[in-house]
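Remarks on the structure that follows.
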Number of protein chains: 2
Amino acid sequence: MAKIPRPGKPVRGSKSGVPIMALFDLLGRRWAMGVIWALCKNGPCTFRELQAHCESISPAVLNTRLKELRQAGLVDRKPGGYVAKADGYQLYELLAPLGAWSKGWAARLAKKSDRSSG
Amino acid sequence: MAKIPRPGKPVRGSKSGVPIMALFDLLGRRWAMGVIWALCKNGPCTFRELQAHCESISPAVLNTRLKELRQAGLVDRKPGGYVAKADGYQLYELLAPLGAWSKGWAARLAKKSDRSSG
DNA sequence: ATGGAATGCTATGTATTTAATAGCAACAAC
DNA sequence: GTTGTTGCTATTAAATACATAGCATTCCAT
């Protein structure tokens, strides 16, 4: 399986292991942010519920992401399903503003493509 | 080349094209956030300067990310180099808190691995 | 205890993405 | 015309993700 990024250790693309680079390595993987998002929005979920919330993630990838997020201390597994830990929620709260911002961004992009295509 | 995610259109892993999912698709690619980070921290950069700031990104990937970020309206190319556009800076400002947070996260993880490995 | 249903997850084969490296075409200075 | 910088492409290999099937375990009703 993929090497799991850890701050302080060399990370993909960074010898320094600066924390933000480790974080970007962790989050810059398919579905990583989506899983945190889904987990924090919907509360504790079973594996299959989480899979449903992510619409079309494959079990292999979900499982890999969950392992990574657990090793990163963001997610925990309890009897009954997966839960975001304190750090996971904090991260979600930092990510949350992106939700609102992305709507404006989408609108601006839509306008732009109006102009360029019609 | 990879399909570029656009809000409002089906995105990898999401039929709905909800803006946040499009954004996650865009940012959930290797180096995407790192490039925005580097560009906004260091100001306008030439291709090769950007490459240097990212330590070890390959030109092919950098070029791909830059194309995507330009299409997403986050980055612009001017004579003399690449610049973050307004949306790019806004996104950077939303991402910036992750920098501080990641240090605490790193510290907590380090403690945890102390406990588990020694 | 047997049948079903849900659970978490692995296995497999294929496609996509990224990496690593070399190198080209355009331009500028000398 | 040589040397250096620029932005970028080509190529080949490795890593990652996808899609699908399916297994082992647990639960519950019968």
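Every chain is numbered from 1, with letters handed out A, B, ... down the list of sequences.
In this structure, B/L62 places its CG atom 18 Å from P of C/dT17, rounding to the nearest Å. Whole-Å rounding puts the A/L50 CG to C/dA6 C1' distance at 16 Å. Computed from coordinates, the B/I57 CD1 to C/dT17 C1' distance equals 13 Å when rounded to whole Å. Distance, A/W31 CH2 to C/dT17 P: 15 Å, rounded to whole Å.
Not a single side-chain hydrogen bond (donor to acceptor under 3.5 Å, both in side chains) links A/E93 to another residue, sequence neighbours left out. Remark: B/P59 pairs with B/F47, B/Q51 by the side chain to side chain contact (heavy atoms under 4.5 Å, CB included) rule, at least two apart or across chains. By the ring-ring contact (aromatic ring centres under 6.0 Å, His included) test, A/Y92 pairs with A/W37, sequence neighbours left out.
Sorted pairs that involve residues 73-82 of chain B and meet salt bridge (Lys or Arg N to Asp or Glu O under 4.0 Å), not counting sequence neighbours, are lacking altogether. Every pair tested for salt bridge (Lys or Arg N to Asp or Glu O under 4.0 Å) that includes a residue from residues 40-52 of chain A fails, sequence neighbours excluded, so the list is empty.
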Kindly give the atom pairs (protein nitrogen or oxygen, nucleotide nitrogen or oxygen) under 3.5 Å for nucleotides 7-9 of chain D.
residue, atom, partner, partner atom, Å
D/dG7, OP1, B/F47, N, 3.1
D/dG7, OP2, B/F47, N, 2.9
D/dG7, OP2, B/R48, N, 3.1
D/dG7, N7, B/R48, NH1, 2.3
D/dG7, O6, B/R48, NH1, 3.4
D/dC8, OP1, B/R77, NH1, 3.0
D/dC8, OP1, B/Y82, OH, 3.4
D/dC8, OP2, B/Y82, OH, 2.2
D/dT9, OP2, B/N63, ND2, 2.3

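Rounded to the nearest 0.5 Å, atoms CG (B/L69) and OG1 (B/T64) are 10.5 Å apart.
Neither OP1 nor OP2 of D/dA17 sits under 4.0 Å from any side-chain N or O of A/R29.
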